[in-house]
Each structure stands twice: as structure tokens, then as C-alpha cells.
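Index from 1, following the sequence. Below, each value reflects all heavy atoms present in this structure, side chains not excepted, and no hydrogens, waters or symmetry copies. These numbers were taken from a predicted model, which means no experiment stands behind them.
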Amino acid sequence: MTDRPTRREIIRAGGASAAGIALLGAGCDSSSKPAATAAAKPRPIKRATAPPGALNVVVFICDSMRVDHAYGPRARMETLDRLATQGLRFTRVRPEAMPTIPARRSIMTGHRIFPFRHWHPYEGLPPQPGWEPVGHERQMWTQVLQREGWTTGYVTDNPHLLAKVHDRFRAKFDRAEVVVGQVPLRRKPTRPVSQDELYKHLPPVLRGSRAEPRMKAYLSANPRGRDEQDFLAPRVHRKAMDWLDWAKTRQPFALVVDNFDAHEPWDAPPNLIDIYDTPTTPGVEPIQPFPTPAAQWRKEGLSPALVRRMSHLYAAEMTMVDRWVGHTLAKLENLGLADKTVVVLISDHGVLLGEYGWVGKRYTELHHELTHVPFLIRHPEGKAKGVSSRYFASTHDVGPTVLSMLGFDRPHSMNGADVSVLLDGKKPPARRYYVSAYTDHVMAGDGRWHLIANNQGGEKRLYDLKRDPHERHNVAARYPQHANRLWRAIVRQAGGPLPKFKISSPG
């Protein structure tokens, strides 16, 4: 009896190469000009013909999602709860590189960005290690699929991806859509903002600081009193649903929906805020009571009441993101596409909400609130339904995993793990440690011990997660053998001594 060809072999065989659909470049929000320039458009791509019955994929990238809110009791997350019952949930995920752009580089290229070797500043990006244009040096998994006949798309309001330095990135998709409104804005806002409106959302200690023009720009682009559908995460998902309408006749497709929320400012509709709190801070609504990216809240003069209110606003924004991810998944259902579409959701990092004295993202404080994120996979055939995995999955695993689920081997440029084998009850490659970096600080852990240090091995802080799950007590002096063991794991993963950086005002 002759063995039937595997799905992967069928896809490899494919059809004869054919000219692809014309590139549409980057789309634009109704209030903006096209985001990609003509010079940024790549050459036409020769495409294979995707095999009949090939799966679609939708990857959601949600910014700044703490796992204790995404999975835990601190936020109402009905969509993520439902995804966890329908698919595979990873419970010990650490991004291999942070923050925003380094994480997206690893998500889109399937390659480790740590330890940021050969990094240099790029015009239009913060001058911090790891901040290089997404996909500029390696092929992305969406490009692999595009050549094999998939229609590709990216929908985002991420202000760094809307910047000119990422024009070429957006032009690598068949159709990219952008939503303008997150700060820093690409163009100066035009709607006037009164001092009363500004000071309603800016604590006195920040007035006259660099936080004031940033808040003024945000308020100008995002008027108060707007309907929920006009908040930024809903606008991103409405664009994504429009994209699905367009792509339903262009299957198979690969879509990335990248919303900058729940990044600060934590701005959500009143009905969602009311789930968590009633106003407790008359005179100021602290949607961002600190200069981005982080601040020590006591030094900034923030009261415990403001910090508490801020955490409620963050939870409300998490719920808003969750709700609109749900609307996009419902759109897949309504279009009859859910039973032929792989769904992946991941975040780039968490955020500090007063823990360790900080609010925001502080590169020295690589604790679980900042570094522990959600990662879920739903297979249309219901594989691994309701299963939780303790594997140390990471952001650079997304590319190899998606490609494998659609029938392709991992390209040599990708060194992430294919964690889709868990869907079939198999084991992924052994990973004893998680290792990650943020600017010039690093971390590593094995599930029991967690190490934070600068990237030259100084300032070591070690936490015993069994006895101290909230990472309050540094025991590096008491257990130097564990601190040194984890440091050696960092150096091995880096391929030798870590690079030294000259940086200023790291974020």
C-alpha cells in the first residue's frame, strides 16, 4: 500500500509559480495619509499556488499584557478565558527580548534578538539596544507564506510601526492598515486641547514636564466622550474585520492584528472602568500619571490613591482589548472562516503598577509583573483543547510554530522552537532556562530561581520563587551557586561575553 503524501509534502509540491496579487502597500486610517512611500514598495513577489484547503492564520499581538490580568483574577478577560478552553495555553512565557520593537522583531522573524549584538541607533527609533526596524535583517514568517501563495496583512496602531523608519516593513504585506492616535504621533495633532482638559488628566507634579506635550498630543487625537468603537483598540479591530471581509475571497491568508493597548495611556470607556472602580480621585483621571516609559511613583509625588486608580484603568483597558479580540474572532465565525483558521495570541511584556516602587516599564526591574505574558494557540481542529503547558515558550517561537501548523519546515534563519508539536501530544525541544534582555539588563530562570543582572554580570539579584513568589528578597549572597549557574546560562545563550553598550536615558 502506498503511503499518502503528508500535508507538508502537498504544500511543498504546491503549484507552478505564478504572479501574485498586486501589492497594495500600506493602508491608512481615514484621518491620515498613506503610510508607505512609493520608494518603500518592494519588488513584485513570485508566488506559488497555495494548495486547496490550506489553513489561514490570525496572530494577535497585544501590548503590555500582564499574565496575572490576562489569565488571572485581576481583569475580566472573557475572550482569553474562552480561547484557553478551546486551545493550548502556555503558563510560563517570557519574551526573549523587550520592550516593544525588540519583541516584535523576535515575533515576526522567529529569531532570537538577544543579546543585541552589533546594534546601533536608528533614526526614528529610541536609541536603545534591540531597537532596529522589524524584519530589516531577516525574512519574516509572513514573507515565507506570501511566497507560497498566502495573502498577508498587518493592522496596527503601534506608533513605532507607523513611523517612517517602518515604511518598508509595512510595504512587505499585501495590505497593511494603520490607525493613528497613539503617541508619539507621526504628525502634529490639530484639535485644540484646553488647559482644563489637559490638567484633568495630568497630575500637578507632571505639569511643565516632558509628559505634558505627550499628554496634550494624545488628548488632541483622542477626544473625550467618544463612543467605545472610537477608542484605539476598537478602531484597530474594526480595521481587522474590514481586512477579513476583503481577504475572504483571497484565501489562504495570514493576518497580524497588533494593538498598542494595553499600553499607557490607560484610556477606556467609563462603562468598563466602572467594572473595577468608581471615581476616587476627583480632579484628576490618571490615564498616565508618569513620564513614559517608567517612574518611581513616590518620587513623582503620586499618591497611593492615584496609583490604585491607575491600576483600575489598566484593568479596564485590558478588558477593552479582550472584548475587541472577541469581536474579531466572532467575525471569523460569521464569515465561516473559524474552522479553517489558526489563532495565536501573545504579548510583548507586562507592566509595573506600583510594585518595587515603579510604574510603567523599567529595564532594571525584570520581575514577573513586567516579564510574564500570555501565549495561546487555537487550532481549528480543536487540538490540545483546554490544555495548559509549562514549557518555557517565548516570542521567537511564534514564527516556527505558525509555519509548522501551516505545513512548512522552519527556515534556517529561525532559531525559535516549534511548540505546535504540543498540539499532537509531543514534546518540543528541551528548554531548561528562560533567558531575556531589556536594554542593558538581563534575566534568566529555571522555574525555581530567577536572576536579574546587568548584562556584564554585575548587580546580581536572585529570587527563590518557591519561598518568595513575589520576588521581594534578594538572596544572591546566600545562594551564589544558583546566581552563577543562571549567569552561565545567559552567557551560553548569548554565545559568549555580552556586548557593552553606550546608552543614555534607557527606556
Side-chain angles (χ1 to χ4, degrees), residues 4-15 18 20-21 47-61 79-80 82-89 107 140-155 173-175 177 237-258 324-346 375-387 398-410 418-425:
R4 292 183 179 180
T6 65
R7 172 176 167 75
R8 185 165 304 199
E9 289 167 342
I10 293 172
I11 289 179
R12 279 179 177 166
I21 61 174
R47 300 173 187 253
T49 300
L55 293 175
N56 307 308
V57 60
V58 176
V59 173
F60 296 100
I61 304 174
T79 301
L80 266 65
R82 186 164 56 252
L83 277 176
T85 66
Q86 296 172 342
L88 175 63
R89 179 178 71 164
I107 290 171
M140 300 182 291
W141 57 267
T142 47
Q143 291 175 284
V144 175
L145 292 176
Q146 191 178 51
R147 287 195 301 271
E148 296 296 334
W150 269 253
T151 302
T152 62
Y154 207 101
V155 181
F173 299 87
D174 293 308
R175 177 173 171 176
E177 296 281 357
H237 284 274
R238 287 166 55 204
K239 287 279 188 183
M241 288 184 268
D242 289 344
W243 193 97
L244 291 172
D245 274 327
W246 170 80
K248 64 187 177 184
T249 59
R250 297 170 171 86
Q251 298 181 64
F253 59 75
L255 172 64
V256 181
V257 185
D258 180 354
W324 283 85
V325 169
H327 289 331
T328 302
L329 293 176
K331 181 69 171 183
L332 280 173
E333 292 275 1
N334 294 337
L335 292 174
L337 300 175
D339 63 352
K340 59 181 75 173
T341 303
V342 170
V343 174
V344 177
L345 183 144
I346 197 165
F375 182 14
L376 300 108
I377 300 173
R378 187 180 76 183
H379 193 280
E381 296 175 9
K383 294 182 178 182
K385 185 177 181 179
V387 172
V398 170
T401 298
V402 167
L403 290 178
S404 179
M405 294 174 75
L406 301 188
F408 297 96
D409 290 329
R410 175 181 59 191
D418 170 16
V419 297
S420 72
V421 296
L422 289 161
L423 296 170
D424 295 314

With the side chain counted from C-beta on, respond yes when K331 and D245 share a heavy-atom pair under 4.5 Å apart, and no when they do not.
yes

Classify the ring geometry of F253 against W243: parallel below 30°, tilted from 30° to 60°, perpendicular beyond 60°.
perpendicular

If every non-hydrogen atom of A240 is compared with every non-hydrogen atom of V257, which pair is closest and at what distance?
CB-CG2, 3.8 Å

Test item: Q251 and T151 side chains (from C-beta on) under 4.5 Å apart, heavy atoms
no

Is a donor on one side and an acceptor on the other found under 3.5 Å between the side chain of D174 and the backbone of T152?
yes

I107 versus I346: any side-chain heavy-atom pair under 4.5 Å?
yes

How far apart are the closest heavy atoms of M405 and L55, and which atoms are they?
O-CD1, 4.0 Å

To the nearest 0.5 Å, tell me how far L332 CG sits from M241 CE.
10.0 Å

So do the side chains of L88 and V419 get within less than 4.5 Å of each other, counting heavy atoms only?
no

What's the separation between atom CG in L329 and atom CG in L337, rounded to the nearest 0.5 Å?
12.0 Å

Kindly indicate whether the side chain of T328, heavy atoms from C-beta on, has any atom under 4.5 Å from the side chain of F60.
yes

With rounding to the nearest 0.5 Å, note down the distance linking CD in E333 to OG1 in T341.
9.5 Å

At their closest point, which heavy atom of N56 faces which heavy atom of P252, and how far apart are they?
OD1-CA, 3.0 Å

Test side chain to side chain contact (heavy atoms under 4.5 Å, CB included) applied to I61 and V398, step by step
CA-CA 11 Å; I61 304 174; V398 170; over 6 Å; no

Gap between atom CG of L345 and atom OG1 of T79 - 0.5 Å precision
9.5 Å

Could you tell me if the side chain of V344 sits less than 4.5 Å from the side chain of T401, heavy atoms only?
no

So, using side-chain hydrogen bond (donor to acceptor under 3.5 Å, both in side chains) as the criterion, who are the partners of S420 when residues are at least two apart?
S404, D418

Shortest non-hydrogen pair, R47 vs W150, comes out as NH1-O, 3.0 Å

List the atom pairs, donor and acceptor, that lie under 3.5 Å between side-chain atoms in residues 376-383 and the rest of the protein, sequence neighbours left out.
{"unit_1": "R378", "atom_1": "NH1", "unit_2": "Q86", "atom_2": "OE1", "d": "2.8"}
{"unit_1": "H379", "atom_1": "ND1", "unit_2": "E381", "atom_2": "N", "d": "3.0"}
{"unit_1": "K383", "atom_1": "NZ", "unit_2": "D424", "atom_2": "OD1", "d": "3.3"}

L406 and W141: side chain to side chain contact (heavy atoms under 4.5 Å, CB included), yes or no, with the steps?
CA-CA 11 Å; L406 301 188; W141 57 267; over 6 Å; no

Partner set under side-chain hydrogen bond (donor to acceptor under 3.5 Å, both in side chains) for R82, not counting sequence neighbours:
none

Specify the closest pair of heavy atoms between F173 and M140, including all atoms of both residues, with the distance to one decimal.
CZ-CE, 4.0 Å

Take V387 and L422 through the test side chain to side chain contact (heavy atoms under 4.5 Å, CB included) and record every step on the way to the result.
CA-CA 9 Å; V387 172; L422 289 161; over 6 Å; no

